[in-house]
Amino acid sequence: MIVNSWNEWDPLRHVIVGKADNCHIPPPEPALDAKVPEDSDMKGSWGKRSPETISRANELLDNFTKQLEGLGVKVDRPIPIDFSEPVKTPDFQTQSQFGCMPPRDVLLTLGSEILEATMSYRCRWFEYLCYRPLLQKYWELDKNFRHEAAPKPRLTDDDYHPDYLSEKIGESKRLEWAAEKFFVTTEEEPLFDAADILRFGKDLVVQHGFTTNLKGIEWLRRHFRDHRIHTVNFPGDPYPIHIDATFTPLRPGLVLNNPNRRLPDEQRKLFNNNDWEIVDAAQPAHNAPPPLCYSSTWLSMNVLVLDPKTVCVEKSEVYQAEQMDKLGMNVIEVDLRAAYAFGGGLHCCTADVFREGGCQDYFPNQ
Ligand code: DAV
């Protein structure tokens, strides 16, 4: 058996770690523009990232790979495609692609299945190709492995609300829209990124936001028929993409929640009714993200759990590491900050292949 993983915390044995090769800052497009912070140094500039930053990021990703291997975790790496190539379909075109540093965004592993997400950015439409050589290999070796792909979206302009195209929306307007669940993506067709989904065995928790719409969540519900799908949203986040800098399960019964993006009371019942504790995450160690970075400083909580007692935390995130220690976790420090700009933190740059354990029901009281 090669592929098996039902949650975010059972002992990790096999994982994919991304690569920074050839990574591009993609040209403007609706969903991406909505996510780039208004004061970002990336506004108006696009093209291949500098060779120095790419090799530094790769050095860190290679070191992380060696660290994991030293801990007995098997690591596979993607085969990057040429991201300078434009993407053209009958419905849209864009001048370059992105990269393959964050496999977590593209691949959702659940049990013996790996599902390729629809994605919601045009520049990420072909990113799955970087993982196909690995998935093909797993398919040959593992008779139980189910390789699935969600319907490729058309990503016409009908997929995006034009209101989000404005240059200056402002943080308070954004927070208002997020609270109303008015996001950049429309309900034209099912859309989701795999990083909006957290796996809790029989239960899947999915963030409705910029990258995942309600039809995407409905598609997941009809696809994973033996699972219960819970839609969540975090009104405090002005740029809501991906759940993994907002809500971080560490072990059965314990989740960290970003204190600026608290899960609304109404949505806490599932956790409260089943004796799960939701604790505020520690503050990030930095006041600003590194240069040319899409993500917020809350990559501090974008950790990789190796087993219910062991967690990888980015080396500079001292407050997060201290909190993990108080919560009874052994911390493994990983230097990754100089790779953040390529697509995120320790959770983003990995995708599960194998964790021990089976599918359990952690929320019997629904
Ligand atoms: O807080 O910027 C980053 C998530 C990346 N997968 C944030 C979310």
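In each ligand, atom 1 is the first atom listed, and ligand 1 is the first ligand listed.
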Item to complete: Please work out which of the three classes, parallel, tilted or perpendicular, describes the rings of Tyr128 and Phe126, given edges at 30° and 60°.
Response: tilted

Practice prompt. Might you point out which heavy atoms bring Phe210 and Ala34 nearest each other, and give the distance in Å?
Written response: CE2-O, 3.4 Å

Worksheet item: Mind checking whether Val305 and Val255 sit in one hydrophobic cluster, side chains of I, L, V, M, F, W, Y counted as touching below 4.5 Å?
Response: yes

Worksheet item: Would you say Gln93's side chain and Val87's backbone share a donor-acceptor pair under 3.5 angstrom?
Response: no

Item to complete: Not counting sequence neighbours, which residues clear side-chain hydrogen bond (donor to acceptor under 3.5 Å, both in side chains) with Arg132? List them please.
Response: Glu116

Discussion item. Counting only heavy atoms and a distance below 4.0 Å, can you name the residues contacting ligand 1?
Written reply: Lys35, Ile241, His242, Asp244, Ala245, Arg261, Ser295, Ser296, Cys348

Worksheet entry | With Gln366, the side chain to side chain donor-acceptor pair (under 3.5 Å) member among Asn274, Asn273, Asp203 | Asp203

